[in-house]
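Each remark here refers to the structure printed beneath this line.
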Amino acid sequence: MADIDGIGSTRPGHYGAQGTGVVLARATIGAAWNVQGDPRHAPFVAAAERQVGLAPVAQPNACARREGLLLLWLGPRSWLAIEGERTALTDADVARDALNAAGGALFDVSSSRVAFTLRGAKAADVLASGCPLDVDVRAFAPGTCAQSVFGHLNALIYRHDPATFTLMVATSFAADAWHALSVAAAVDGYDVVPAAPFRP
Amino acid sequence: MMLIPCPWCGPRNQVEFTYGGDATVERPADDAPMEAWFAYVYLRDNPRGPHDEWWLHSAGCRSWFAVRRDTRTHDILASAPVGEPLGERAP
Amino acid sequence: MQKFRLATGGDIDRGHPVRFEFNGAPLEGYRGDTLASALLAHGRHLVGRSFKYHRPRGIFSAGAEEPSALVQIARGARTEPNARATVVEVHDGLVARSQNCWPSVRFDLGAINNVVSRLIPAGFYYKTFMWPPTPAAWLRYEHWIRRAAGMGRSATSADPDRYDQRFAHCDVLVVGGGVAGLAAARAAAGGGARVIVCDETPRWGGLARRGASSVPIDGAPRGDWIDTCVDDLAGAADVTMLSRSTAFGYYDGNLVGAVERVTHHLAAPLPPFAPRERLWLIRAKAVVLASGAHERGIAYPDNDRPGTMLLSAARTYVERFGVRPGTCAVVFANHDGAYDDALALRDAGIEIAAVVDPRDDAAMAGVDVRRARDAGLPVHARSLVLRAHGGHRVHAVDVAAREGGKSQRIDCDLVCVAGGWSPAVHLFSQARGTLRYDEAIAAFVPDASPLPIVAAGAANGCFDDALLAADGTAAGEAALALARGASPSPAAVARPPRAPGAAPVEPLWTVPAPYGAKRFVDLQNDVTVDDVALAKREGYQSVEHLKRYTTLGMGTDQGKTSNVPGLALMAAELGTTIPAVGTTTFRPPYTPVTMGAFPGAHTGPHVEPVRRSAMHAWHASQGARFVNAGLWKRPHSYPRTGESEDDAARREAINVRRNVGVVDVSTLGKIELQGRDAAAFLNRVYINRFDSLAVGRCRYGVMLRDDGMVMDDGTTSRLADTHFLVTTTTVNAVRVMQHFEYLLQVAWPTLEVYATSVTEQWSAAAISGPRARDVVAALVDLDVSNAAFPFLAVGACRVRTADGEVPGRLFRMSYSGELAYELHVPTVHGLAAWEGIIAAGAPFGLMPYGTEAMSTLRIEKGHVVVGAEADGRTTADDLGLGKLVNAGKWCVGKPLLGRPALVADDRWQLVGLTAQHGAVMPRGGKLVADPDRAPPIPMQGHITSWCESPHVGAWIGLALLAGGRARHGETLWAVSPLADQRVRVTVGPPAFIDPEGTRLRG
Amino acid sequence: MRYSAFSLAREALRGHRDWPRAWRSPPPKKAYDAVVIGGGGHGLATAYYLAKEHGVSNVAVLEKGWIGGGNTGRNTTIVRSNYHLDANAHFYEFSLKLWEKLSQALNFNVMYSARGVLNLVHSPADIDAAMRRGNAMRLNGIDAKFMSREEIAAWIPNLDCSPHARFPVLGGLLQPRGGTVRHDAVAWGYARAADALGVDIVERCEVQGIRVEGGAIAGVETSQGFIATPKLGIAVAGHSSHVAAMAGITLPIESHVLQAMVSEPVKPILDTVVTSGAVHFYVSQSDKGELVMGGDLDFYNSYAQRGNLPVIEHVVAACLALFPSFGRLKLMRTWGGIMDMTMDGSPIIAKLPVKGLYMTGGWCYGGFKATPASGFLHAHTIAHDAPHPLNAPFTLERFAEGRMIDEKGAGPYAWAH
Ligand SMILES: Cc1cc2nc3c(=O)[nH]c(=O)nc-3n(C[C@H](O)[C@H](O)[C@H](O)COP(=O)(O)OP(=O)(O)OC[C@H]3O[C@@H](n4cnc5c(N)ncnc54)[C@H](O)[C@@H]3O)c2cc1C
Ligand SMILES: NC(=O)c1ccc[n+]([C@@H]2O[C@H](COP(=O)([O-])OP(=O)(O)OC[C@H]3O[C@@H](n4cnc5c(N)ncnc54)[C@H](O)[C@@H]3O)[C@@H](O)[C@H]2O)c1
Ligand SMILES: Cc1cc2nc3c(=O)[nH]c(=O)nc-3n(C[C@H](O)[C@H](O)[C@H](O)COP(=O)(O)O)c2cc1C
Ligand SMILES: [Zn+2]
């Protein structure tokens, strides 16, 4: 399959068909911590809340949010705290020690993922080009997250509102993910806008 | 494209999962005799019908969990987190 | 001149002529035409040649079931073989050609096969071509057989078009947009369901879309009902309508694959970013199968002459496309339903020369039969068509009474056959639905499925126009209930509703014929009634043997019009019933699907994703040659202008031993562990101990599979009391992580250990060489003197980069055998840190090196690699690492290590090899005692890794050799018959440099 | 009636009315000297060689469905002997030698097409492994040739040999004598030849139980009643575990589904068998013109004879990555077969721990090419109650002893082989 001229470029501008089905942008991540522990273990929950500023939610795929900071459910004993600008999440080693002491764990994974935001009427369609999740709002509510795949890549998806998603993939796949998003978006046309810090 | 019910994330497309094999073989104690380890590592009932097996939600919550699946039809009869019994009905 | 185009009628747009080309001739059709209808408008029936006998073939159907009219579409890279003329929509610039014929479709040399056809009945090739008795002889026969077979031609350059994919979800998926499907969709949508309805054609309404049938729906004329229904659905928020979309397969979990043809019908220039096709993966809670039915033929001699078509198809051409497929027709039909169609042809100005019906007058009781008789159609009851006349076009048929007697020749240029209908049950059957043979329509109909699928309309065996919409509605409601959780039960599947007194079809599959007359059952694969009889005679009687022996139903149409007649003929041969013979298996795809549609965008360079390290762009800018390592691209070497890759690698390796080099090791798997029991866990996973590892230190470790073989190796560092960093090999990173998770969650859930992969978090560079310390000292804020930061030390540090100071982790470990450090920084800073290393190293002669130099260095040092030395069949002891297996503790894999063959003396063990007399070590060489023996020559071992060692000044290698540890000093042959190389090699210990490790400790 | 061009011509004149049944369809007798379970290639070949080589012709082959309806009738027809490990190499080379003469031996054209099997290599490590294997083959007396990228590009013009490919073709290991054999013909040819030697082939006869008396085989319970026999051979491929369990034996085997697929037929476009380990793909073109393709397992235990879309997507993606010009061909049919995957990826052709009970099974992806040798050696083992040197390594006990024959080094994970 031949690549289409220009599609896949990260430079701001309009690409693909006429019209703008979706606006694509890279979202920069300031800090991201993987918090792990048993949510039924009160000292862990307390320590996590103290260190991260948000209490881990036990509900699968739920998120907790605070100004600029998002805590996403990753698994029954695992969460991801993420912020676009490094403000709340400061000293990972101190937080780690505190959590280890409380029977939990904390890993600095600030560089592990790259994030892309998809905004617009066709955002759900672009996602559906590679993601088997039901992205209907009735099945995937704003303010929640899900892990799945996008094409061949494992993906973590956060839905901001009905027409806005952030897709996160492993850093080393950044170029591939961007390419896949661009190709899917080209059918209905898309704009690329400059990278901006992630905001939940 | 099986729809595999992760006990945590709910029913998800099979592409999100990694297969882990027979869940009925019990891991022997460290000091169990070599024969027990041999059976655990090599021998399989390999049933034609309901089969209890491990799956990892590798593109999801990274939980291992048990699934009871009919190997003749691929119908999934039940799933359960590690340590919990597999019920008779789909979750 | 479209001589056969009717002045009015049909769903074509006479205001929009389109120009296309067929066999080089420019022709005109109208928007809305298929290639078949446009050809028929010009009176062209001869379209192609058959598979085996190269007989002239025409247009048999008007839809997806077409067996005969296969053409080659377009030219060059966009050429597509085996397109069905009956579904190809004409557009300006369409180019089509007859296929499987040479030099032309009118005069085809391959038709010689027809002349010798008696010599080549079904399965003839199993009986001959065995002489002379050599494999080469068959290859020569095969060469010609292959050329005669095949059909169209593949393109020979890359498909330039793009394909998309889309996942979709709904409560009810309706397959088929005929009356039944539309009614079902409306019922389901009306109940609040999310509905997707797809139809493979461009128009909604299915067969009912044709003409103005007298039977109204819900009191409205059919066309109006369809239009209203389509408008309602299109306007509904939760309904998606996919036209030109074929549901091709039903998969587990109620996932239906469908393929949408997005641009096939469009003339160039195509919309610039539109995909050619889109693959829909539709997860439905319930499915309504309203896919209609396929009419079937009757096998009489020469029933394949162009001008022979299904009766319903002839009507479709008249009413849907405004084309008369002939001027004078003979209709050969065995059921009442045909008479309405015959009348419709007559109304379009086609003379009906005869309606030939095998039934007794008494059985022909339907109103339409009476209407036909009243209208003066010459109906021949109890009669058969005994054969057709004509070559490139039928011009007459012989008709005779059923009981025999003299036949009558009736001139005609069109023969319309109506042998009954077979419901399109394919997806129902794929959904594990059982089929039931319905005598009344002489066809298999859906019975029951354990899955939530409901058949409706003709697919359900409901052939009565008056009942279709109701059947569809009932199916839509049943599907909605299934989607809401009702469990599938046989009762949920509506029985084919049938008006009381509807006359049954009288099955008629063939007519008597003399030997040699060809009565085709499968038009595409040239399977005849005699072939079925031959299969029976020779014992290929199971329906599956019949299929495979004769190739019945194995063509591109998958036997849609021929399977039931074929198995009925076998039943007759065996004197048994049709259900006793049964059907063959309905497999996806329902109709052939463009291969390009399956991977969508994931092909070519994107067939698998690529992982790139943070330094990738830098490597590329420095002219690195990349190699695949798992999904990663790693620099193999950095050739300078005029330098070969091998030369570059040698230079890089030498520079490490002399000065200092840096290699990107970001791709190594990295797993962090925390928790109270992390050390205990590592003790159980690795053969060696980790509880004794001090904070700030690292240690090499080996882990085994449960069967005792080496699984992976790497280093583990203790970053804090309860915090470890484990590295794995690049290729095994994912596997090791899963292994850890399995052990932690399933095997030892009581251990308090948390693991996360940090492969992506940390970019890593290994700096090695005698001057490594100078470089590192210039970079980090640690005291890196030997005393302060000895071998195997680990420490957090700050790294000076152009971005400013960034956090890092420094490790003193060595793969090359030199003084070496590994520096890890967060991946956001990976590139900056790398550039910092390059800059800091410049005064010390630092060069980047790639995997090839890295390999040379580690071979010289005798370090094993998982995948080469540890090949999945080796134990730690085989690799000389047996001493690491800690006697005092248990670990994964240990219990089975004691098996007799794993402790035998003659196991292949790791050794070092040096080629004698400056010879080149053979790649993949085998170790033998005597290369001059006649094969089989016993092999004592093989070379696992090898290189030209700048340090040793000879070609060296690592090898696995039977009992090798006891054979140091021996001379053996290393041979590569593939490369015609044989070399004398000396066996020795695996380490060629600094076996005491003074360099790396220095 | 012997098959030949002459008999074909003679029958053409007679309206092909005199061809006899290729094999009879007798009701089963009450007892046989030996019974073989499974009317696939292996079972039929076992019976044929029992009669032909060992004079044991009072034999029945019991098939629950129709002969050749198992994996014999649903495989991608590749035959080769390009193995690395000695036991495999000797065994499969023996098989290939039998293939070379099989049409004549059976008087049934099985269409052994020695068109070559080419394993592509895509990385330096691939080259090393291919060279090691090829050298082992040559030393074992098996034909093998390493082809450069340029040679391959010239030979297979549709293959993308550009250095920029995602998996660039760096070369390939060719076994010229490898190729394809017409799958159905193998079952039918063996059946006809065995039948001619007196073997009873009983279709629609499912073995439902194995009667063991005093530690020895007494016979089998079938859907057509009890059949007595002192010697019982199991050749049921994907159903090995199920049948062995009837005699109380648990095997180191799991059943998995492997899919295969064909494109629509086209004129000759690919003249050899091309495989790629890195992209998990293999393809050849049948004499009828379809591209016959396959890839990986579906990776979960299954007896369903059908798989799922992801594997099909993957196989087709791999095909198009290697052959970009095939993109507009259409996929015509897909299906699946049940693979008996052993824990080391190699077969078991051996005596089982019940007197008079034998098996040939554990074929994984690759048992079609083994058919003649498997039948030959299984028959030998049954007739002599002891293995032939060629199948002596393929025991059931090898796992307990640590003598795995793990060609891929993938370890005791059935689906990994
Ligand atoms: C998709 C696919 C592709 C493959 N490609 C290749 C390839 O390219 N090259 C290659 O060498 N190999 C290939 N194989 C493997 C190969 O097909 C098989 O290993 C081989 O055909 C096995 O032959 P068999 O006679 O042992 O088994 P089968 O042909 O499966 O015969 C076993 C028979 O036993 C019968 N049976 C089972 N249980 C009972 C019972 N209780 N009673 C009576 N009968 C019973 C079954 O009905 C069946 O007919 C492939 C397999 C598949 C599925
Ligand atoms: N006269 C007779 O005896 C007789 C017999 C059978 C049918 N019929 C006629 O057939 C019609 C039956 O109506 P219906 O609604 O059941 O069927 P239909 O044939 O009108 O509609 C079925 C639709 O499904 C589509 N389709 C089929 N398979 C598909 C797939 N896999 N994916 C996507 N689309 C697919 C077809 O393109 C078609 O448009 C009536 O008009 C009836 O008169 C008549
Ligand atoms: C080598 C090979 C070639 C095949 N070619 C065709 C073919 O040309 N047409 C076809 O319909 N099926 C073809 N098949 C598939 C069979 O129709 C059938 O799907 C397969 O034997 C499995 O049987 P089942 O689908 O009845 O379960 C082929 C199968 C094999 C093994
Ligand atoms: Zn989950």
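All chains are named by letter (A, B, ...) in the order of the sequence lines, taking the proteins before the strands, and each is independently numbered beginning at 1.
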Assess the residue pair C/Arg873 and D/Asp406 against the criterion (salt bridge (Lys or Arg N to Asp or Glu O under 4.0 Å)); give the C-alpha distance rounded to whole Å, side-chain angles, the decisive distance to 0.1 Å, and a yes or no. CA-CA 7 Å; C/Arg873 296 181 290 263; D/Asp406 190 345; 5.5 Å; no
Would you call the rings of C/His942 and D/His84 parallel, tilted or perpendicular, taking 30° and 60° as the class edges? parallel
Which one of D/Ser123, D/Pro124, D/Pro168 satisfies the side-chain contact (heavy atoms from CB on, under 4.5 Å) criterion with C/Val627? D/Pro124
Would C/Glu142 and D/Ser113 count as having a side-chain donor-acceptor pair, cut-off 3.5 Å? yes
Residue part contacting chain C, namely of D/Ala187, when any heavy atom lies under 4.5 Å: neither
What I want to check is whether the side chains of D/Gln285 and C/Arg146 have a donor and an acceptor closer together than 3.5 Å. yes
Strictly under 6.0 Å, is that where the ring centroids of D/Phe6 and C/Trp131 end up? no
Lys/Arg cation over aromatic C/Tyr126: D/Arg192, 6.0 Å, 45° cone: no
Any side-chain donor near an acceptor of the partner, D/Lys267 and C/Asn100, under 3.5 Å: yes
Any side-chain heavy atom of D/Val266 within less than 4.5 Å of one from C/Arg153? no
Using distance alone, with no hydrogens and no angle criterion, decide if D/Asn135 and C/Arg923 have a side-chain donor and acceptor under 3.5 Å apart. no
C/Glu608 and D/His314: side chain donor to acceptor below 3.5 Å: yes
